[in-house]
Amino acid sequence: MLEAEARRRKEAVRALLLRGLELLARVSVDTGPLRQALLDLEGPFLLVVVGEFNSGKSSLVNALLGENLLPEGPTPTTDRIQLLAYGPEGEEEGEGFLRILRPHPLLRELQLVDTPGTNALLASHQVLTEGFLPRADLVLFLTSADRPLTRSEAELLGLIRAWGKKVVLVVNKADLLAPEDQEAVARYVAQGGREVLGEEVPLFLVSARRAKEGGDEGLEALRAHITRTLTERALALKLQGALGVLRRLLREGEEVLAREREEVAKGLETCQGLEGLLERHTARVRRDFAGQVALVAQVFREVEERGHRFLEETVRLARLPDLLNAKAFREAFLREVVQDAGARLERAVGEALRWLARREEELLLDALTYLKEVRPVPKREEPLFAALEEALSRFDPEAEALRLSGLAQEAVVRTLAGGVGGLGLGAALVLALKGLVADLTGLLAGFFVAFLSLSILPRRKEKAKRLLSQGLQETFLTVRKALEEALESGLARGAERFRALYQDRCEVLAQRLRSLEEQMEALGRLREEALSPVPG
């Protein structure tokens, strides 16, 4: 029954570890410790001795076993992981460690691991020790009574906690202290361990030297604690240790994903910044384009002013002979009123459309400035620079202005010239004004029939002015509408080309952000499941 329960608990932990491997396979995290934890689920209990050099680790191991199996000395004597296991006396090379076999009763229940001392001159020793920590089922953390729990030791304890390992604190060389000093050191180490580990842990004051010379109560108490732990908690500690490795790597994975998410978010902020730049550009161009339209309107106002003056000077009794000659009236109107209005309209419209085309070039330059100065682009987004610079080099404002001019001209000619082909803007305006002259001539013809009624003349003159103003206003509105259509076409085309430089990449970033958040959520959920000491 107990064996079946143990299998069930082990399988529950194994399932969590396998899920962790699957999730972390898509993250830049070394899953070696997790794969090793899966293998170690079926392996022996690993009691790992950790401490700084010259704290007496090898001496403690020898004292625990009652044999001088490991070399001892005041300088670092262990330069590799040494794993003591049960078996016929001998040595064999393991993967990254030396396995020492001894037929010792204690080694039937566990494997003792002696690690190189940390905080030594050889940094490789520390790397070896820290690399083996994830495999520990229980850590004997050794500190020396003459320099108890140094800052570097506290940092190593913090690393052990990060891997979720259970710790037994051992103060060696207790024989160097008077009894009252032993109590003070014990309190100091216990408090320091509690602050670093976040919990009370077993603590033993021992003297490995005294144990070899005849016996040490502290060492006997430590040996009894180890035996009791193996009897009562070996499986629980092994499973909790494996879950500790899982939680540590899941946290590491979440941190890796969070850093990438931050980079992706910066890229998306750049995308949003470019969208904001485009929106502000569009609003500014629409606003400022009114100034270009005003220059076009000026052409019509000047024609209107000249037309009113012409009617004032022409429509009066003293000019009756001129009024009776309709052909001369029309020729005089075209000469004195219309003048070069057609050519001026073409220039004003052309300039307005060239101004509009240059604004797209301005947008590309603004975008480059934004990327270089206002919001530096993350390294992964640097191709945006190249895309913008290439678009800027290829952009031809004259060709774009010509395209827009064709749109405007087509709209104006279609309305003013009744769809007559081959006409330009100026010719279409002249044609429209000729129609106005015909209307004015028809209006004034009624005066000739009743010219003796002098009171009719002022009224016909004012009506002629209104007819002229109305005709010019309608013509101007047609031109303005064509310009507005060209404006919207230019803005839409420009926005489409501008967005094409970054939109695909931004969509990829948005998808990546969603994927990262989903991955982080999955890692977080699994880490929450692994918080239970032993699931089920």
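Since we're looking at a predicted model, the values are computed, not measured.
- Under the 4.5 Å side-chain criterion, counting only non-hydrogen atoms from C-beta, Arg309 is in contact with Arg306.
- For the side-chain contact (heavy atoms from CB on, under 4.5 Å) with Lys165, the qualifying choice from Leu159, Val245, Leu133, Leu237 is Val245, the only one to do so.
- Contacts of Glu521 classified as salt bridge (Lys or Arg N to Asp or Glu O under 4.0 Å), with partners at least two apart in sequence or in another chain: Arg525.
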Could you walk me through whether Asp137 and Val48 pass the side-chain contact (heavy atoms from CB on, under 4.5 Å) test, one step at a time?
CA-CA 8 Å; Asp137 296 318; Val48 179; over 6 Å; no

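- With contacts defined as side-chain heavy-atom distances shorter than 4.5 Å, the pair His308/Glu305 does not qualify.
- Atoms CD and CD, from Glu269 and Glu275 in turn, are 14.5 Å apart once rounded to the nearest 0.5 Å.
- Atom CG in Leu277 sits 5.5 Å away from atom CZ in Phe498 (nearest 0.5 Å).
- Looking at Leu501 and Leu274, their side chains never come closer than 4.5 Å, going by heavy atoms from C-beta outward.
- Under the side-chain contact (heavy atoms from CB on, under 4.5 Å) test applied with Arg259, the options Glu255, Arg261, Glu263 reduce to a single match, Glu255.
- Separation of atoms NE2 (His281) and CZ (Arg359) is listed at 8.0 Å; rounding is to 0.5 Å.
- In this structure a side-chain-to-backbone donor-acceptor pair under 3.5 Å is present from Lys238 to Asp40.
- A 4.5 Å side-chain heavy-atom check between Arg499 and Cys506 finds every atom pair outside the cut-off.
- Between the CG atom in Leu353 and the CG atom in Leu483 there is a gap of 6.0 Å [rounded to 0.5 Å].
- Not a single donor-acceptor pair under 3.5 Å links the side chain of Arg135 to the backbone N or O of Gln36.
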With side-chain contact (heavy atoms from CB on, under 4.5 Å) as the criterion, how do Leu487 and Val285 come out once you've worked through the C-alpha distance, each side chain's angles and the decisive distance to 0.1 Å?
CA-CA 9 Å; Leu487 167 66; Val285 170; 3.8 Å; yes

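- Of all heavy-atom pairs spanning Leu249 and Pro33, the tightest one is CD1-CB, 4.3 Å.
- Comment: Arg161 does not engage Glu199 in a salt bridge, judged by the lack of any side-chain N to carboxylate O separation of less than 4.0 angstrom.
- When all heavy atoms of Gly524 and Glu254 are compared, the closest pair comes out as CA-OE2, 3.7 Å.
- Here the side chain of Gln339 pairs a donor or acceptor atom with the backbone of Glu336 at under 3.5 angstrom.
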Working note: Glu304 + Arg301, criterion salt bridge (Lys or Arg N to Asp or Glu O under 4.0 Å); need CA distance, chi angles, decisive distance, verdict.
CA-CA 5 Å; Glu304 182 181 32; Arg301 280 197 299 273; over 6 Å; no

Evaluate the criterion salt bridge (Lys or Arg N to Asp or Glu O under 4.0 Å) for residue pair Glu462 and Lys465; output intermediate values, then yes/no.
CA-CA 5 Å; Glu462 292 305 315; Lys465 288 181 180 179; 3.6 Å; yes

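- Summarising the geometry of Gly32 relative to Asp30, their closest heavy-atom pair is N-OD1, 2.9 Å, with the distance given to 0.1 Å.
- Looking at heavy atoms from C-beta onward, Leu41 lies in side-chain contact with Leu239 at the 4.5 angstrom threshold.
- In this structure the side chain of Leu477 never reaches within 4.5 angstrom of the side chain of Phe300, judged on heavy atoms.
- Here the shortest heavy-atom pairing between Cys271 and Leu509 reads SG-CD1, 4.2 Å.
- Glu507 and Gln503 share no side-chain donor-acceptor pair at under 3.5 Å.
- Note: Glu518 CD to Leu257 CG = 12.0 Å, rounded to the nearest 0.5 Å.
- Contact record, Arg512 with Gln519: NH1-OE1, 3.5 Å, taken as the closest heavy-atom pair.
- Leu21 has its side chain within reach of Arg35: a pair of non-hydrogen atoms, C-beta onward, lies under 4.5 Å apart.
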Steps toward side-chain contact (heavy atoms from CB on, under 4.5 Å) verdict (Phe132, Val50):
CA-CA 10 Å; Phe132 201 86; Val50 174; over 6 Å; no

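- A donor-acceptor contact shorter than 3.5 Å links the side chain of Thr282 to the backbone of Leu278.
- Checked by atom type and distance alone, the side chain of Thr150 pairs as donor or acceptor with a backbone atom of Glu153 at under 3.5 Å.
- Closest of all the heavy-atom pairs between Leu149 and Ala154 is CD1-N, 4.3 Å.
- Under a 4.0 Å N-O distance rule, the pair Arg358/Glu362 does not qualify as a salt bridge.
- Checked against side-chain contact (heavy atoms from CB on, under 4.5 Å), Ala162 has the following partners two or more places apart in sequence or in another chain: Arg248.
- Pairs passing the side chain to side chain donor-acceptor pair (under 3.5 Å) check and including a residue from residues 283-296, sequence neighbours excluded, read Arg286-Glu488.
- Rounded to the nearest 0.5 angstrom, Leu268 CG and Arg505 CZ are separated by 9.5 Å.
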Kindly determine whether Leu523 and Met520 satisfy side-chain contact (heavy atoms from CB on, under 4.5 Å), including the steps that lead there.
CA-CA 5 Å; Leu523 293 181; Met520 290 179 67; 5.7 Å; no

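- Taking 4.5 Å as the limit, every side-chain heavy atom of Phe310 sits out of range of all side-chain heavy atoms of Arg335.
- The residues Glu360 and Arg493 are annotated as not salt-bridged, no charged nitrogen and carboxylate oxygen being separated by less than 4.0 angstrom.
- Of the charged side-chain nitrogens involved, at least one lies within less than 4.0 Å of a carboxylate oxygen, so that Glu11 and Arg14 count as a salt-bridged pair.
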